[in-house]
There are 2 protein chains.
Amino acid sequence: MSHETAPLDAEQLGAYFALMEVSTLLQHAVDEHLRADGDLSYVQFQILARLTDAPDGKLRMTDLADGVVYSRSGLTYQAGLLEKRDLITRTPAPDDERSVIVSLTDTGRGLVAQVLPGHIDVVRRLLFDSLHQRDLAALGSVLGRVREHMRAAPPRSAKPRTGRHRTI
Amino acid sequence: MSHETAPLDAEQLGAYFALMEVSTLLQHAVDEHLRADGDLSYVQFQILARLTDAPDGKLRMTDLADGVVYSRSGLTYQAGLLEKRDLITRTPAPDDERSVIVSLTDTGRGLVAQVLPGHIDVVRRLLFDSLHQRDLAALGSVLGRVREHMRAAPPRSAKPRTGRHRTI
DNA sequence: GAGATGTGCTTCAAGTTCGAAGCAAAAATG
DNA sequence: CATTTTTGCTTCGAACTTGAAGCACATCTC
């Protein structure tokens, strides 16, 4: 067996639990706010937000799913809902018949703009109000490094990634 | 309007996204491992782990749900599954006929012991291998502070908490 | 101490999630 | 090129999650 399995020390355990609890609570709070403010789930908001960030507001389904860390079938389902509300559009890609290109509609862009201030407000209130500038810098840099590390070492079953993968 | 809604600056946004992505990836990885190793979902493991930590391996349903940040009905469902597998036991509380006390069985305790090393291993590999001791300390202390802040300011709709609430 | 209110858990229905299977188009292989 | 393999998405079934409604016990109020 090549891996050490000594127990995590108390400090590591604390950091791990804190990370999971903070992210869970934050997600719940944000989700609740998004629902009240724009009838969007957290996942739906993530999809729209990611599109907002993309060039021309367009992304292929797969790239979208990867960005949101979400199953393909789940994305198909949510895309159906969003399309029904006219927040996005799905059209076959011109260069590759298999691909579907998801485009943000004006309505979608509007809705994101509408809920964004509240969203940001919740995040700031919960996550940042308790932090000093120095803490924030530390948190960002440490988590950024962890993220790179994780992307490099994907969860066992993952296939080798396709490379072109935009940062959120 | 009493709240400032200036956009989060780039640093804050980066930290927020990194936090959410790291926790999601970590959760997926851990979930996959638990399933392979002991046929447990992450939620189920959390339930069992929390019981392992509790005095006598017993907790009331409500306390359990609070600890896991989980809906009551969802917990009932999962408790049913765990009971069917003889990992826990449910018995009415002697002092309060309404309450149900969940107890970890020996089988349950054994299963936790069985999957724990792998679980820890995944967490260490993904979360801690990329961190120096100093970073770890920073992460733990910052997240710990955030957690306290969040617990103090619960997500809008939450009822005033009951007070006796053990730290994970 | 009877009636109103609150608490703890379960049941229920509706919605969401995922992986496996299916299907079509593209790329790789010979 | 014909055949195999891979890729991108959707459909399908089964499992999970949740809030609301329901039920039983406890607590409060007069």
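When reading the values below, keep in mind they use all heavy atoms of this one structure, side chains included, and skip hydrogens, waters and symmetry mates. Quick note on labels: first sequence line is chain A, next is B, and so on, each numbered from 1.
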Nearest whole angstrom, please: distance from the P of D:dA15 to the CD of B:Gln44. 13 Å
Quick one: A:Leu75 CG to D:dT11 P, roughly how many Å, whole number? 13 Å
What is the distance from CD of A:Glu32 to C1' of D:dT18, rounded to the nearest Å? 13 Å
A side-chain contact here means heavy atoms from C-beta on lying under 4.5 Å apart; do A:Leu40 and A:Leu48 qualify? yes
Do A:Ser23 and A:Gln27 have side chains that get closer than 4.5 Å, going by heavy atoms? no
Regarding the side chain of B:Thr62, the nearest nucleotide among C:dG8, D:dT17, D:dG8 is C:dG8
Phosphate contact (D:dG8 OP1 or OP2) by A:Arg60 side-chain N/O below 4.0 Å: yes
Between the base of C:dG19 and the side chain of A:Ser71, is one N or O donor paired with an acceptor at under 3.5 angstrom? no
Pick the nucleotide of DNA chain C nearest each of B:Ser99 and B:Ser73; which residue has the one closer to the 5' end? B:Ser99
Short side-chain N/O contact from A:Tyr77 to OP1 or OP2 of C:dT17, under 4.0 Å: no
Give the rounded distance in Å between these two atoms: CG of B:Asp95 and P of C:dC9. 11 Å
Among D:dC9, D:dA26, C:dC12, find the nucleotide with the atom closest to the side chain of B:Glu97. D:dA26
Between C:dT17, D:dC25, C:dT10, which nucleotide has the shortest distance from any of its atoms to the side chain of A:Tyr70? C:dT17
Compare side-chain N and O positions of A:Arg90 against OP1 and OP2 of D:dT10 and report whether any pair is under 4.0 Å apart. yes
Any non-hydrogen side-chain atom of B:Asp121 less than 4.5 Å from a side-chain atom of B:His33? no
Using atom NZ of B:Lys84 as one end and atom P of D:dA15 as the other, report the distance to the nearest whole Å. 10 Å
Between atom CZ in A:Arg98 and atom P in D:dT7, what is the gap in whole Å? 9 Å
Rounded to whole angstrom units, what separation is found between the CG atom of B:Leu82 and the C1' atom of C:dT10? 16 Å
Check this one for me: any side-chain N or O of A:Gln78 less than 4.0 Å away from OP1 or OP2 of C:dG15? no
A:Asp106 CG: over 12 foreign heavy atoms closer than 6.0 Å: no
Toward the 5' end of DNA chain C, by each residue's nearest nucleotide, B:Ile101 or A:Ser41: B:Ile101
Choose from D:dC9, C:dT10, D:dC12 the nucleotide whose nearest atom is closest to any side-chain atom of A:Val100. D:dC9
If you define the side chain from C-beta out and look only at heavy atoms, does anything of B:Asp37 sit under 4.5 Å from B:His119? no
A:Tyr42 OH to C:dT17 P, in whole Å, measures 13 Å
Applying a 4.0 Å non-hydrogen cut-off, can you work out what A:Leu81 is touching in the nucleic acid: base, sugar-phosphate, or nothing? sugar-phosphate
